[in-house]
Amino acid sequence: MNTSMCILLAVALTTVVSCRDNSSDDSFAGDISAASGEGNEGAAGSPVGEEPVPVPPDPPPEEEPAPRTDIDGLPLPDLTTEHDYVRYLEARPRYYTATTSPFGNVRSQDNTPFSNPVNNAGAKLGRVLFYDVRLSANSTISCASCHIQRHGFTDPAQFSTGFDGGKTGRHSMSLTNATYYEPKSFFWDERAATLEEQVLMPIQDPVEMGMNLFDLEVKLAETSFYAELFTQAFGDEAITSQRISEAMAQFIRAMVSYQSKYDQAFAAGEWNDPDFEAVFTEQEMLGHKLFSGFPVGRQASLGCIECHQTSAHTMDRSHINGLDADTSGDPGAGGGFFKSPSLRNIAVGAPFMHDGRFGTLMEVIEFYNSGVQPHPNLSPDLRRNGSPTGAPVRMNLDQEEKEALVAFLHTLTDETFLTNPMFSDPFAE
Ligand code: HEC
Ligand code: HEC
């Protein structure tokens, strides 16, 4: 403890003592009457030596954040902090925004419709909705219960738990880079034609949130703050499901990840430039080459990038990667075709695949290495010689190469994105 703190403490203690003196003066009067009531005069004047030692006052109540509740008794968000989503998107690196890019055109994959571009007021409202438990029938869960920021907006549970304790039929999907999917469709089986359509579906899903949209509009109108948020975003107070959908889609489309180690390498130089390689370890660089299908020594091209395309690592369309020979149990988009979310932040997104069957990235790599099944519609990219009728590919990777692929996938983890306040829970502030 330094001197000035000692002085402060001494002053504080003196104050405490004098306070106690005053208060014991007050109670002294009470003591007299009590004492005189007992007819014992002597008790009134206790000897100085027996003065009770002043007890320090109770510490101020623990800084337990008072539960911030709104007039409906449910949580109240922090609305004072403004985030600039538009600037965040404008700061995307060139290979995200240019029409020519070393691993393919990312920009053309963007599914943002002209009718609903991201703007700050819309994404701000979308963020509050995304984290609001009011969207579920019993006000217990929000979208973020199953799409958790530090996991790249997926769920570490194999199947997620809905509002009433039920389990989802598939693993939750990462929302990282959701804006980059050219077919525009959403879900593992692509059943939602657009993101605007998709975001209203979990709300009404009988397992996930169990709410109906009419009740939701009424429920949101009974708060103190949504009217203003809708006014900022759409010009007037009307709370409609279309506006709810547009705002949430804007928030999700702002979730672009571009500050991983992989991006640092790009910032240093072109992919075939020594400065690019210098950012990566040798192991990560080997993994990058294997992933991207560059020849490395004896190993022929792997071409993960044939399906997980471009620097945004998203798909061009759904594919069959041979998880099962028979996909009639879950045919996905039909015939066993599935969409994969972007592989950005994949290392924090376990478990993997639509049914969360793999717990680690090494299991995923081992699957592609030796476990691809002979499905009739298996992609030629995963068949021997790329032939449409060939047997499932056996990559024959050695341990070093498998570990290199895992190491490369870790370079896609973007800590800035995973902790960025603009994507965090406004109800927790
Ligand atoms: C109970 C858990 C749960 C809740 C709550 C939930 N989701 Fe999901 N989400 C999932 C699961 C599981 C999937 C994959 C389902 C499938 O494909 O059949 C998914 C898929 C998605 C996708 C598709 C991503 C893609 O690339 O195709 C989006 C977008 C999404 N959810 C957004 C939301 C939004 C917005 C909310 C809140 C309105 C929400 N989710 C609430 C579990 C949940
Ligand atoms: C023929 C296209 C294709 C190729 C080639 C391919 N994948 Fe995939 N990948 C998919 C599909 C389709 C899925 C989703 C499958 C499902 O869940 O049913 C997927 C899923 C994944 C996932 C899990 C994603 C998640 O969110 O759970 C990872 C990780 C992955 N692939 C890595 C790789 C790697 C590494 C390679 C190269 C060794 C590779 N993929 C090659 C099509 C492909």
Side-chain angles (χ1 to χ4, degrees), residues 126 129-132 135-136 141-147 152-155 157 159-163 166-181 185-192 195 198-205 207-209 211 244-245 248-249 251-252 255 287 290-293 302-309 313-324 327 330 332-333 336-343 345-347 349-358 361 363-365 367-369 372 378-383 393 395 397 402 405-406 408-409:
L129 290 165
F130 187 85
Y131 281 97
D132 195 344
L135 269 64
S136 59
I141 65 164
S142 68
C143 308
S145 306
C146 307
H147 297 283
F153 291 99
T154 177
D155 189 343
F159 301 109
S160 307
T161 307
F163 77 107
K167 297 280 183 197
T168 58
R170 298 195 181 112
H171 182 236
S172 171
M173 293 173 85
S174 161
L175 304 184
T176 309
N177 280 2
T179 195
Y180 296 116
Y181 189 61
S185 49
F186 282 82
F187 286 124
W188 291 106
D189 58 11
E190 306 193 278
R191 67 186 179 280
L195 182 53
Q198 191 285 332
V199 293
L200 295 178
M201 292 164 77
I203 301 174
Q204 304 168 84
D205 187 280
V207 170
E208 295 183 2
M209 303 176 104
M211 192 70 188
I244 292 171
S245 135
M248 280 200 292
F251 177 60
I252 291 172
M255 294 176 180
L290 288 166
F291 187 94
S292 309
L302 268 186
C304 312
I305 207 160
E306 296 300 330
C307 295
H308 303 281
Q309 295 187 353
H313 301 96
T314 55
M315 287 200 155
D316 54 339
R317 57 179 177 82
S318 61
H319 290 275
I320 296 184
N321 66 346
L323 286 172
D324 300 296
T327 46
D330 186 346
F337 282 81
F338 282 92
K339 168 188 182 179
S340 164
S342 166
L343 297 187
N345 292 315
I346 192 69
F352 306 106
M353 306 297 169
H354 68 270
D355 53 6
R357 68 176 66 187
F358 299 129
L361 284 175
E363 287 172 51
V364 172
I365 301 303
F367 155 72
Y368 282 111
N369 181 53
V372 176
L378 177 65
S379 165
D381 291 320
L382 291 170
R383 291 179 187 268
V393 75
M395 293 175 178
L397 297 167
K402 289 180 209 165
L405 271 166
V406 172
F408 168 69
L409 290 173

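Each ligand, and each atom within it, is numbered from 1 in the order the structure gives. The residues of the chain are indexed from 1 along the displayed sequence.
Here the NE2-CZ distance, from H147 to F130, works out to 6.0 Å after rounding to the nearest 0.5 Å. Note that CD1 of I305 is 10.0 Å distant from CG of L343, once rounded to the nearest 0.5 Å. In this structure, Y181 OH and E190 CD are separated by 3.5 Å, a value rounded to the nearest 0.5 Å. Rounding to the nearest 0.5 Å places CD of Q204 at 10.5 Å from CE of M211. Distance check, rounded to the nearest 0.5 Å: CD1 of I141 to CG of D132 gives 12.0 Å. The distance from the CG atom of D316 to the CD atom of E306 is 9.5 Å, given to the nearest 0.5 Å.
For the pair G349 and ligand 2, no heavy-atom separation below 4.0 Å is found. In this structure, I365 counts as a contact residue of ligand 2, since one of its heavy atoms falls inside 4.0 Å of the ligand. Assignment of G303 to the shell around ligand 2 is supported, since a heavy atom sits closer than 4.0 Å. For the ligand labelled ligand 2, residue F358 lies outside the 4.0 Å heavy-atom shell. Under a 4.0 angstrom heavy-atom cut-off, T161 registers as being in contact with ligand 1. Residue contact annotation: H171 has no non-hydrogen atom under 4.0 Å from ligand 2.
Across H319, M353, H354, M315, a single residue satisfies side chain to side chain contact (heavy atoms under 4.5 Å, CB included) together with S340, and that is M315.
Of all protein heavy atoms, the one lying nearest to atom 29 (C) of ligand 1 is Q198 OE1, 3.1 Å. Protein heavy atom in closest approach to atom 26 (O) of ligand 1: K339 NZ, 3.0 Å. When hydrogens are left out, the protein atom nearest atom 16 (C) of ligand 2 is H354 ND1, 3.3 Å; that is the closest non-hydrogen contact. In terms of protein heavy-atom proximity, atom 11 (C) of ligand 2 is closest to M315 CE, 3.3 Å. Looking only at heavy atoms of the protein, atom 22 (C) of ligand 2 is closest to M353 CE, 3.6 Å.
Distances from atom 8 (Fe) of ligand 2 under 2.8 Å pick out these protein N/O/S atoms: H308 NE2, Y368 OH. For atom 8 (Fe) of ligand 1, the nearby protein N/O/S atoms, meaning those under 2.8 Å, are H147 NE2.
In the model, D155 has a side-chain atom that pairs as donor or acceptor with a side-chain atom of S160 under 3.5 Å.
Across L405 and I365, no two heavy atoms sit closer than the pair CB-CD1, 3.8 Å. Nearest approach of L323 to R357, heavy atoms of both residues: O-NH1, 3.3 Å. When all heavy atoms of F338 and D330 are compared, the pair lying nearest together is CZ-O, 3.5 Å. Taking both residues in full, the closest heavy atoms of A347 and L409 are given as CB-O, 4.4 Å, listed atom of the first, atom of the second, then distance. Among all heavy-atom pairs drawn from I203 and L135, the shortest one is CG2-O, 3.7 Å.
Under 4.0 Å from ligand 2, the heavy atoms of L323 that appear belong solely to its side chain. Contacts with ligand 1 closer than 4.0 Å are made by side-chain heavy atoms of L195 only, the backbone lying farther away. Contacts of V207 with ligand 1, taken as heavy-atom pairs under 4.0 Å, are absent altogether. Counting heavy atoms closer than 4.0 Å to ligand 1, residue R170 contributes atoms from both its backbone and its side chain. Only side-chain heavy atoms of T168 come within less than 4.0 Å of ligand 1; its backbone N, CA, C and O stay farther off. Only the side chain of I346 comes within contact range of ligand 2, with a heavy atom under 4.0 Å; no backbone atom does.
With S174 contributing its side chain and P341 its backbone, the two residues share no donor-acceptor pair below 3.5 Å. A donor-acceptor pair under 3.5 Å is formed between the side chain of T176 and the backbone N or O of G152. Of the possible polar contacts, none joining the K402 side chain to the N369 backbone as a donor-acceptor pair under 3.5 Å is found. Of the possible polar contacts, one joining the S172 side chain to the C146 backbone as a donor-acceptor pair under 3.5 Å is found.
Side chains of F352 and I346 form a contact here, defined as non-hydrogen atoms less than 4.5 Å apart.
Proximity to S379 (heavy-atom distance under 4.0 Å) selects the following atoms of ligand 2: 1 (C). For ligand 2, the atoms sitting less than 4.0 Å from at least one non-hydrogen atom of P341 are 26 (O), numbered in the order shown with element in parentheses. Short contacts between ligand 1 and I203, defined as distances under 4.0 Å to a heavy atom of the residue, involve ligand atoms 38 (C). Atom numbering of ligand 1 starts at 1 in the shown order; those under 4.0 Å from a heavy atom of I141 are 5 (C). Counting the atoms of ligand 1 from 1 in the order shown, those under 4.0 Å from a heavy atom of I252 are 35 (C).
Between R191 and ligand 1, at least one N/O pair is under 3.5 Å apart. Considering backbone and side-chain N/O atoms, S142 never comes within less than 3.5 Å of an N/O atom of ligand 1. At under 3.5 Å, a nitrogen or oxygen of W188, whether backbone or side chain, sits near a nitrogen or oxygen of ligand 1. By the 3.5 Å distance cut-off applied to N or O atoms, F187 is counted among the residues near ligand 1.
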Give the intermediate values and the outcome of side-chain contact (heavy atoms from CB on, under 4.5 Å) for residues H308 and F291. CA-CA 9 Å; H308 303 281; F291 187 94; 3.9 Å; yes
side-chain contact (heavy atoms from CB on, under 4.5 Å) between R317 and F337, worked out: CA-CA 9 Å; R317 57 179 177 82; F337 282 81; 4.1 Å; yes
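Listed by chain and residue number, nothing satisfies the salt bridge (Lys or Arg N to Asp or Glu O under 4.0 Å) test with D205 (two or more places apart in sequence, or in another chain). Residues passing the ring pair (Phe, Tyr, Trp, His ring centres under 6.0 Å) test with H171: none are found, sequence neighbours excluded.
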